[in-house]
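Note sheet for the following structure.
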Protein chains: 2
Amino acid sequence: MKQAHHPEVGEIALTGVMAALSDPIRVGLVRVLADGRERGWGEFRAPVAKSTLSHHLRVLRDAGLTRTRQEGTRCFVALRRQDMEARFPGLLHVVLAAAEEEDLGRQVSMKDDPHPA
Amino acid sequence: MKQAHHPEVGEIALTGVMAALSDPIRVGLVRVLADGRERGWGEFRAPVAKSTLSHHLRVLRDAGLTRTRQEGTRCFVALRRQDMEARFPGLLHVVLAAAEEEDLGRQVSMKDDPHPA
DNA sequence: TAGCTTGTTCGATGTTTCACGAACGTCGAA
DNA sequence: TTCGACGTTCGTGAAACATCGAACAAGCTA
């Protein structure tokens, strides 16, 4: 588990962000992170193998959408809302609203938080 | 040249739109169409073969971002601004602003319109 | 009719992506 | 030090994608 790379704000590329958000699972991950809370890796519930989940979280991280922090042997993931807002103002908001409208990424939830309402 | 398919407003999918906008050429195409003017296919200038350009315009069309109209043997392409606005309010605007910020898709221009400013 | 123009489609190629299970490295607990 | 938990990485396929040139179809034009 080496220290993961995170792009700086200025390095965040629009194409990377768009590509990252072109997958339903990843949109779901962003949605559950949308409230700004940092989440433990193991809390995520998605219908894929853990290696695949790791892959998706890596794509989000590489694109600059999320930040991963390590603490001992476990990881915490958070949305880089402010960085995204600084780089591409309004983007995250409209994408989240659009995803909500479509209920895209509903397959993703958090443990002990069945995403009910 | 058969009649191309266009998704209805309600059928436009967020993932499709995001995927379509994850390529610099396609973002460039959207940018030159952003003023709302309908453009002739042959006016586009992009550093790819015409078969590749055709492919990119098809992806944009299939995603619901553009509309293609045929007139005799030639085609005219226009951005579906209103439809996009109805489906995903604000999305096109923020994406265009972000693309502007990054000068993404500058490789695409129009004949007799060298994208000067 | 013959030929030109226009854009699409086809086939091939190389790259990237998504998916999985298995193996691995690291850390904390026993 | 041994064990278990936690994520990452690897190896592998299947599918999708970007790209090109060549072939094609449809419509003008001569």
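This structure is a prediction, so every number in the text was calculated from the model and none was measured.
- Atom CG of A:L21 and atom P of C:dT17 are 14 Å apart (whole Å).
- A straight line from CZ of B:R26 to P of D:dA16 spans 15 Å, rounded to a whole angstrom.
- In terms of phosphate contacts, A:H56 brings a side-chain nitrogen or oxygen within less than 4.0 Å of OP1 or OP2 of C:dA19.
- Listed candidates were C:dC27, C:dC20, D:dT19. Nearest to the side chain of A:T73 is C:dC27.
- If you measure from atom CG of A:L60 to atom P of C:dC18, you get 10 Å, rounded to the nearest angstrom.
- Each of B:V59 and B:K50 was assigned the nucleotide of DNA chain D with the nearest heavy atom; the assignment lying further toward the 5' end belongs to B:V59.
- Residue B:Q107 contributes atom CD, which lies 13 Å from atom P of D:dA18 at whole-angstrom precision.
- Taking every side-chain heavy atom of A:C75 into account, D:dT8 is the closest of C:dC18, D:dT19, D:dT8.
- With hydrogens and angles ignored, a donor-acceptor pair under 3.5 angstrom links the side chain of B:S51 to the base of D:dG21.
- When each of B:W41 and A:P47 is assigned the nucleotide of DNA chain C bearing its nearest heavy atom, the one mapping closer to the 5' terminus is B:W41.
- C:dT8 atom P lies 12 Å from atom NE2 of B:H55, rounded to whole Å.
- In terms of phosphate contacts, A:S54 brings a side-chain nitrogen or oxygen within less than 4.0 Å of OP1 or OP2 of D:dT8.
- Put simply, CZ on A:R58 is 9 Å from P on D:dC10, counting in whole angstrom units.
- With sequence neighbours excluded, the residues satisfying side-chain contact (heavy atoms from CB on, under 4.5 Å) with B:E38 are B:R69, B:F76, B:A78.
- Distances were taken from every side-chain heavy atom of A:D23 (C-beta onward) to each of D:dG7, C:dC20, C:dC18; the shortest belongs to C:dC18.
- Across A:V17, A:V27, A:L21, a single residue satisfies side chain to side chain contact (heavy atoms under 4.5 Å, CB included) together with B:M18, and that is A:L21.
- Listed for the A:H6 side chain is a donor-acceptor partner under 3.5 Å among the backbone atoms of A:T68.
- When rounded to the nearest whole Å, the span between CG of B:L57 and P of C:dG7 equals 10 Å.
- Separating the CG atom of A:L53 from the C1' atom of C:dC18 is a distance of 13 Å, rounded to the nearest angstrom.
- Between B:E100 and B:R106 no salt bridge is recorded (no basic side-chain N to carboxylate O distance below 4.0 Å).
- OP1 or OP2 of D:dC28 has not a single side-chain nitrogen or oxygen of B:R74 nearer than 4.0 Å.
- A salt bridge links B:R39 to B:D35: at least one charged side-chain nitrogen sits closer than 4.0 Å to a carboxylate oxygen.
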